[in-house]
Amino acid sequence: MSLRSHLQGARVSGLESVLVVGTGLIGTSIALALREQDVVVYLADRDAGAVRLARELGAGTEWADGMTADIAVIAVPPQLVAGRLAELQRAGAARFYTDVASVKVLPLRQAASLGCDMSTYVAGHPLAGRERSGPAAARADLFLGRPWALCPTEETSPDAVEALYGLVKLCGGEAVRVGADEHDRAVAIVSHAPHVTAAAVAARLAEAPATALGLAGQGVRDVTRIAASDPGLWTGILSGNALPVAEVLEAVAVDLAAVAALLRASADPAAMDDVMDGVTALLHRGVAGTSRIPGKHGGPARTYATVQVIIGDRPGELARLFQAADEVGVNIEDVRLEHAPGLPLGAADLYVQPEAVVVLSEALRSRGWHLP
């Protein structure tokens with residue numbers, strides 16, 4: 001589904017032009033989303049090559065001195081937001097300003113200390129991204145259905161807030177109004193600390209023996225996937241939200257140290273049952289935490305059933321699977337692929353409503369698919 005068809009041509013009165021400063025993944029994705037809604041987009045970046053690539057992708061036209069826009073979106077690292085905001089406001093670049101940095105207390109504090117006009121600035125953070133970076137990784141549908149935090153202060157004008165709600169809607173996001181401090185503590189739990197934890201697990205692989213890597217399955221790929229993101233980008237994010245992230249990591253470290261101690265103690269067979277009760281307790285807490293993650297469209301988490309299908313590593317295989325599901329009226333809620341090492345095939349786990357398992361399984365078998 002395209003962003004345009006999802007929004008059904010939604011437009012916001014008065015929002016006709018947007019300046020995007022910083023043509024990386026997020027900035028260029030915002031530009032592409034707005035272009036699909038016929039908003040005029042201007043692009044600016046200190047990296048001329050990034051601007052050129054974003055322009056070639058259809059994200060907008062290059063910004064020139066003297067131009068003005070309705071909103072300026074500052075898509076730069078957290079430590080640079082306030083300085084760029086001050087420059088743009090001095091130039092009168094836009095009526096309203098926002099940013100997309102993943103921390104909010106730091107840029108707000110720095111902007112105030114630089115004497116920025118806080119009435120026209122709404123700190124923002126779209127909670128969407130990819131492991132890849134740069135304009136080449138941008139997608140117009142990146143924000144579709146994703147939460148987009150907006151953190152206005154007491155000084156922020158209602159007109160600025162209204163304009164930003166409109167921008168989020170045009171990009172397909174779901175605006176969530178939240179205080180800056182609450183936002184930073186929240187993302188420390190759901191984004192920043194998990195990234196560090198994934199990096200710590202992935203770091204163990206750097207010197208792992210070839211035998212271990214040859215045995216790697218989907219579990220380690222799931223845990224370490226986000227660790228492949230740009231370290232430079234994440235260093236800036238973590239330093240901008242250092243204390244909240246440190247608090248979460250310290251709590252995780254306590255749990256891990258406790259489990260490590262219990263596992264060492266389990267070497268004594270006489271203590272095995274009592275020791276493993278403590279390990280099991282943490283695993284149960286993990287299950288409880290996972291169950292609280294919102295499901296599709298922000299609703300309650302759902303438990304789906306899985307239909308596993310063996311597929312060849314050939315073009316069009318997934319399309320054939322989805323077509324078969326469509327023909328029998330089954331919606332595939334999610335899909336996960338696992339490749340078989342050394343073989344030109346793999347397994348596709350199709351997540352469906354429990355009541356659809358029999359219908360989909362029979363349909364796939366009748367069409368020649370192999371289900372383990």
Side-chain angles (χ1 to χ4, degrees), residues 1-12 15-43 45 50 54 57-60 69-78 81 96-104 107 122-152 160-178 183 186-187 190-192 195 225-226 229-230 233 237 293-299 334:
M1 178 186 295
S2 72
L3 178 60
R4 182 184 295 276
S5 63
H6 172 79
L7 296 174
Q8 297 180 332
R11 291 302 305 270
V12 178
L15 181 55
E16 297 180 354
S17 60
V18 171
L19 163 63
V20 174
V21 180
T23 50
L25 166 65
I26 300 299
T28 304
S29 293
I30 290 173
L32 291 171
L34 293 173
R35 287 300 304 131
E36 285 206 354
Q37 298 302 313
D38 298 324
V39 175
V40 174
V41 178
Y42 303 111
L43 307 170
D45 197 304
L57 292 170
D70 294 317
I71 297 176
V73 177
I74 304 169
V76 301
V81 169
F96 307 112
Y97 303 83
T98 190
D99 72 287
V100 297
S102 65
V103 297
K104 298 276 66 86
V122 183
H125 175 210
L127 282 95
R130 304 180 68 187
E131 292 76 52
R132 298 167 57 199
S133 59
R139 291 172 23 189
D141 64 352
L142 186 65
F143 313 105
L144 195 58
R146 300 296 303 163
W148 190 314
L150 294 178
C151 305
V161 175
E162 181 181 0
L164 263 298
Y165 268 84
L167 181 139
V168 172
K169 182 177 181 181
L170 285 177
C171 290
E174 299 291 334
V176 179
R177 186 165 180 159
V178 62
H183 166 276
V187 294
V190 302
S191 176
H192 300 170
H195 188 93
R225 178 181 58 82
I226 57 175
S229 299
D230 179 11
L233 171 67
I237 292 171
I293 299 173
K296 289 174 62 176
H297 316 302
D334 201 355

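Taking each heavy atom of A123 and K104 in turn, the nearest pair found is CB-CE, 3.4 Å. Minimum heavy-atom separation, G58 to R35: O-CG, 3.5 Å. Here the closest heavy-atom approach between residue P78 and residue V103 is recorded as CB-CG2, 3.4 Å. Taking each heavy atom of R177 and P152 in turn, the nearest pair found is NE-CG, 3.3 Å. Smallest separation of non-hydrogen atoms from V176 and P147: CG2-CB, 4.1 Å. Scanning both residues, A50 and P135, for their nearest heavy atoms gives O-CG, 4.0 Å.
Between F143 and W148, the angle of the ring planes lies from 30° to 60°, which puts this pair in the tilted group.
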Output, in order, the C-alpha distance, side-chain angles, deciding distance and verdict of side chain to side chain contact (heavy atoms under 4.5 Å, CB included) for H195 and I237. CA-CA 11 Å; H195 188 93; I237 292 171; over 6 Å; no
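The backbone N or O of V73 lies less than 3.5 Å from no partner atom in the side chain of T98, so there is not a single donor-acceptor pair. With hydrogens and angles disregarded, a donor-acceptor distance shorter than 3.5 Å links the side chain of D70 to the backbone of E16. No donor-acceptor pair under 3.5 Å is formed between the side chain of K169 and the backbone N or O of E174. A donor-acceptor pair under 3.5 Å links the side-chain atoms of R146 to the main chain of L127, judged by distance alone.
Atom CD1 of I74 sits about 8.5 Å away from atom OH of Y97, to the nearest 0.5 Å. The CG atom of L43 sits 8.0 Å away from the CG atom of L19 when rounded to the nearest 0.5 Å.
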For residues 24-34, tabulate all N or O donor-acceptor pairs below 3.5 Å that involve a side-chain atom, not counting sequence neighbours.
residue: T28; atom: OG1; partner: T23; partner atom: O; Å: 3.1
residue: T28; atom: OG1; partner: G24; partner atom: O; Å: 2.9
residue: S29; atom: OG; partner: L25; partner atom: O; Å: 2.7
residue: S29; atom: OG; partner: R139; partner atom: N; Å: 3.0
residue: S29; atom: OG; partner: R139; partner atom: O; Å: 3.4

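Within the 4.5 Å cutoff, no side-chain heavy atoms of V161 are placed close to those of L150.
Residues forming a ring-ring contact (aromatic ring centres under 6.0 Å, His included) with F96 (at least two apart in sequence, or on another chain): none.
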